[in-house]
Amino acid sequence: VSKCGAAVARSAGDEERRGGSSGRCCVAGCLIAVLFSLIPLGYLIIVSGTNESDFFFGDRSFSWQNYERVWNRYLPNIQTTLRLATLASVVDLIFGYPFAYILIRKVRYRELVRTLMTFPLFGPLYLAFGLYYVLLPDGPMAGVLSFFGIKGTSLLYSEGMTLFAMAIFTFPFMVMNVGAALTNVDPMFEEAARTLGAKPWQIFTRVLFPLSWSGILAGFLMCFGWNLGVFVNRSCWGGLPQQRVLSLVLQQKGMTQFDYGLARRWASSDGVGLRRDVGVAEVLTRGVGGMR
Amino acid sequence: MSAVIGSSDHSGRRSTPRAGWLVAALQHGYIWIWLGLFALPFVTTTIHSLESPDGGYSLEAYDYIFGTFKGNLLTSFQVTVITIIINLVISIPAAYAFVRHDIPGKQFLLSTLNLSLYTPGAVMGLSLAITYAFLFHIPRTMTGLIGAYVVGTFPLMLVPIIVALRDLPRVYEEAARTLGAGRARTFLRIELPLLGPGISAGILLTFVIIFNEFLVTLFIAGPTTTTAALRVYNLTRTAGFLPSTAALAATMQLVSFLVVLAFFKFFGSRYLKGTYLI
């Protein structure tokens, strides 16, 4: 009994000391975040106010000229980026919702499906190259494509295939978010609506859609955020119009032309957009079935 | 319940078994078409890697895996393992603090730690390249690469451990303490083994991301730190999609998939909730 009492007292003493030790537990993580995330992103914003020659010769004066240049010269690039990201996310929603519904309601081999769904998540790099090879005249699917009267090379570098590749990459994000929302919708609601004579589209618009709205929004924003920053898909797939997007301009300006000021400005706008969208998605995901 | 739904049509009447079978077949077909599309790039890459110059099929391209590409693969494994170890050392105490203690501004702190996860790769790569070169004066070595990987994947290790720790009742810890075990012993002998699945989920996510990461690497890697994924990208940009490059890409995907498969087989998807994978 005395041993137990001593242990409980020791435990109580530990509890009192935990306020300080809990802070120390997070120090390493915070240090890493500050050094390799916050400082670089802050530095990025500072440098976005400089121009090329200023940056290299040390006489760093600050102005809004890069922001003006982006607005005046690269507005079409912003529009292309937003258009492609929006369309790819819409494609994800249209095809991802039925997929998530069937997966949650009808399929028993969900773990297998989730395992196979990780293929696109290995990265857009392999996805882009693999799909590129499919469309070549001597590709492994050439016979199948010609059977359906499809000319693979005509699809290559088209906007449709760019969207398709982008949509495949982010498809799992939509399915995961919508699936998490549908898990929390009791099938009894659908059954009740059906028994009361509701048509399928009425069940979808009046029951399922409102109840899974948070998952749809979370999935859409997450897909949109990732599609804004997708890099390799467009460089391998897109024709010239599809390559006028933020991520590729960022790489070209930053790594080949060394216009760091302008590249910084690009990075600022692209990064802020993604963090805002995916941040909202993260909050909604937590609400519907994620980390509580 | 699902059986009832599956066997009635939309007007509430019982559907015929044949119609029900057809609907079920269409539903499963829809799932498998998409799964086929997901796996298609891997399948075509593998087929391309097996093609030989004389028009037949051979494993000739895979000789490069143990030859020219061996160094790149080793670099990939090396940075992945080091990153996983650092992530573990950082994440386990941090997750413990987040779940077991009241930290002021917990949500803000967690969001700050997660910030890098939501930063586009090109943005992160370029910002780190500039910061390393002009602010930190770090040369393009393994240190800078690992720093970037740790900050990019640390939240992926943290979240599954938090999920696992929240599922772990405190009674185990309290029972061990009551029986005289010290804090370190309680953690190492009681809590750590029970956190195994959560830690494994973190290792899985970190592995999948780092092993296949090329975009941040493209900005900050030096000549001696070219990873296998970056080599695939560079080769494809300069020499086209050769069978040897396809062999490297197929190997990378196969290794990643086997790791995922093993994890799902042993632990399922439970501990991946809240992460971006599930």
Side-chain angles (χ1 to χ4, degrees), chain A residues 3-4 7 11 18 22 25-26 28-29 32-33 36-37 39-41 43-44 47 99 102 105-107 111 113-120 122-123 125-127 129-131 133-134 140 168 176 187 191 194-195 199-200 229 231 247 250-251 254 260 263 267 270-271 274-275 278-279 290-291, chain B residues 1-2 5 10 12 27 30-31 34-35 37-39 41-42 44-45 47-48 90 93-94 96-97 101 103 112-113 115-116 118-120 122-123 126-128 130-131 135 147-148 150-151 154 159 163 177-178 180 183 212 214-215 229 233 236 241 249 253 256 260-261 264 268-269 273-274 278:
Chain A
K3 272 187 179 177
C4 283
S11 184
R18 275 173 182 174
S22 63
C25 288
C26 299
I32 291 282
F36 295 102
S37 177
I39 289 178
L41 289 173
Y43 193 54
L44 174 151
V47 181
F99 188 99
I102 297 168
R105 292 280 194 267
K106 312 287 182 189
V107 170
E111 294 294 301
V113 175
R114 282 173 174 153
T115 309
L116 290 171
M117 271 172 63
T118 55
F119 267 115
F122 295 155
L125 177 66
Y126 310 127
L127 185 71
F129 295 152
L131 290 176
Y133 183 60
V134 169
I168 289 270
M176 288 161 195
E191 185 62 14
R194 196 171 289 132
T195 309
K199 299 271 190 302
F231 176 77
S247 54
L250 178 64
Q251 194 262 343
Y260 285 131
D270 201 3
L274 184 66
R275 279 196 300 281
V278 183
M291 197 181 74
Chain B
M1 189 63 221
S2 60
I5 292 169
H10 302 306
Q27 288 170 342
Y30 184 74
I31 293 284
W34 276 101
L35 293 182
L37 286 174
F38 294 151
F42 170 66
T44 54
T45 304
I47 291 171
H48 187 44
I90 295 171
Y96 199 83
H101 308 306
I103 302 173
T112 307
L113 293 177
L115 181 68
S116 59
Y118 304 125
T119 307
V123 177
L126 196 54
S127 65
L128 283 169
I130 303 296
T131 308
L135 201 63
V150 167
V151 78
F154 157 64
V159 172
V163 173
R177 300 284 285 137
T178 308
R183 282 187 69 184
N212 298 296
F214 81 97
L215 189 48
Y233 177 78
T236 312
F241 202 39
Q253 289 180 86
S256 305
V260 172
L261 198 65
F264 275 80
S269 60
K273 280 184 180 172
I278 294 292

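Any value given below was found using the heavy atoms of this structure, including those in side chains, with hydrogens, waters and symmetry copies removed. Chain identifiers are assigned alphabetically (A, B, ...) following the order of the sequence lines, protein sequences preceding nucleic acid strands; residue numbering begins at 1 within each chain. Since the structure is predicted, the reported quantities are computational estimates derived from the model, not experimental observations.
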Interface moiety of A:Y133 toward chain B, non-hydrogen atoms closer than 4.5 Å: side chain

Qualifying residues under side chain to side chain donor-acceptor pair (under 3.5 Å), relative to B:T131, sequence neighbours excluded: none

task: Could you look at B:F38 and say if it's the side chain, the backbone, both or neither that has a heavy atom under 4.5 Å from chain A?
output: both

task: Indicate the atoms forming the closest heavy-atom contact of A:P40 with B:L128, along with that distance.
output: CG-CD2, 3.7 Å

- prompt: Any idea which of B:I31, B:L113, B:I47 has the most non-hydrogen atom pairs under 4.5 angstrom with chain A?
  reply: B:I31

- request: Go through A:I39, A:I168, A:L116, A:V134 and name the one with the most non-hydrogen pairs under 4.5 angstrom from chain B.
  value: A:L116

message: Given 3.5 Å as the limit, does a donor-acceptor pair link the side chain of B:S127 with the main chain of A:L41, or not?
response: no

task: Among B:P41, B:A229, B:A148, B:A249, single out the residue with the greatest number of heavy-atom pairs under 4.5 Å to chain A.
output: B:P41

field: pair A:I102-B:Y30: side-chain heavy atoms closer than 4.5 Å
entry: yes

query: When rounded to the nearest 0.5 angstrom, what is the spacing between OH in A:Y126 and OG1 in B:T45?
result: 10.0 Å

- prompt: Residues in ring-ring contact (aromatic ring centres under 6.0 Å, His included) with B:F154, at least two apart?
  reply: none

Atom pair CZ (A:F99) and CH2 (B:W34), whose distance is rounded to the nearest 0.5 Å: 8.5 Å

query: At what distance, to the nearest 0.5 angstrom, does CZ of A:F119 lie from CG of B:L35?
result: 10.5 Å

